[in-house]
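Just below is one structure, and these are the notes that go with it.
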Amino acid sequence: MAMQLPDFSPGLSARVELTVTDADTAQALGSGDVPVLATPRVLALAEVATVAATARTLPGGLTTVGKRAEVEHRAAVPLGHRVTALATLTKVDGRTLVFEVVVRDGEKTVAEVRIERVMLDRQRFIAKALGD
C-alpha cells in the first residue's frame with residue numbers, strides 16, 4: 001500500500017530559540033576547546049526547527065528523519081546569548097523535504113544549514129531500526 005504523502009508547499013517555516021549555556025559549548029560537546037556555541041549544537045537546533053516546520057501538518061503515522069545536512073558555521077556565539085533558527089522548506093521532491101535554516105544572534109548570521117529530511121512510516125521505520 002502506497003503511503004499517502006501530505007502536500008507540503010515550499011515556504012513552510014518555523015523558528016526556534018536557544019540561550020547558550022555551558023552544556024551547548026564546544027568544550028562540553030568535545031567539538032573544540034572553546035566556550036562558545038558548538039557546531040553540533042547549531043546543527044541540532046537547525047534540525048529542531050525543521051521538525052517544528054512540519055509537526056502540525058504531518059499525519060499521525062508519518063515521521064521525518066534526517067538524511068543529509070550541510071553546515072556553514074560563520075560566527076562564534078558566547079555564553080548567555082540567545083540564538084534563533086529559522087527553517088524554511090525550499091523544495092519537496094517526492095518523500096524528500098529540503099530546508100534552508102538560518103541561525104542568527106540578533107542581526108548577525110551565525111550559521112546557514114541545509115537539511116534534507118525524508119518522510120516515512122514511523123512504525124515501519126522503528127521496526128526496521130530494531131531489526132524486526
Pairwise distance [atom1]([X]) to [atom2]([Y]) - rounded to 0.5 angstrom:
| X | Y | atom1 | atom2 | answer |
| --- | --- | --- | --- | --- |
| I115 | L43 | CD1 | CG | 5.5 Å |
| D22 | Q27 | CG | CD | 8.5 Å |
| L120 | T64 | CG | OG1 | 8.0 Å |
| D121 | M119 | CG | CE | 13.0 Å |
| R68 | R114 | CZ | CZ | 7.0 Å |
| R124 | L62 | CZ | CG | 9.5 Å |

Quick check: do [X] and [Y] have side-chain heavy atoms less than 4.5 Å from each other?
| X | Y | value |
| --- | --- | --- |
| T96 | V118 | yes |
| L58 | F8 | yes |
| L37 | L18 | yes |

Working note: V110 + H73, criterion side chain to side chain contact (heavy atoms under 4.5 Å, CB included); need CA distance, chi angles, decisive distance, verdict. CA-CA 6 Å; V110 172; H73 195 168; 3.9 Å; yes
Is there a donor-acceptor pair closer than 3.5 Å between any side-chain N or O of [X] and the backbone N or O of [Y]?
| X | Y | answer |
| --- | --- | --- |
| T90 | V98 | yes |
| R122 | G60 | yes |
| R15 | L86 | no |

Show your reasoning for whether salt bridge (charged side-chain N to carboxylate O under 4.0 Å, His left out) applies to E47 and R117. CA-CA 9 Å; E47 292 219 86; R117 299 187 69 83; 3.1 Å; yes
Got a salt bridge between E116 and K91, using NZ or NE/NH1/NH2 to carboxylate O under 4.0 Å? no
Quick check on the hydrophobic clustering: are [X] and [Y] connected, directly or via other members, by side-chain heavy-atom contacts under 4.5 Å?
| X | Y | answer |
| --- | --- | --- |
| L97 | V51 | no |
| V36 | V42 | no |
| V113 | V20 | yes |
| V103 | L29 | no |

Please check if atom NZ in K67 has more than 12 non-hydrogen atoms from other residues, nucleotides or ligands closer than 6.0 Å. no
Looking only at non-hydrogen atoms, find the nearest pair between [X] and [Y] and report the distance.
| X | Y | result |
| --- | --- | --- |
| S31 | T39 | OG-N, 4.3 Å |
| S9 | L89 | O-CD2, 3.6 Å |
| A14 | A49 | CB-O, 3.7 Å |
| P35 | T25 | C-CG2, 3.8 Å |
| T109 | A75 | O-CB, 4.0 Å |

Answer yes if the side chains of T21 and D24 hold a donor-acceptor pair under 3.5 Å, and no otherwise. yes
Checking side chain to side chain contact (heavy atoms under 4.5 Å, CB included) for the pair E100/E112: CA distance, chi angles, key distance, verdict? CA-CA 7 Å; E100 299 291 340; E112 291 184 9; over 6 Å; no
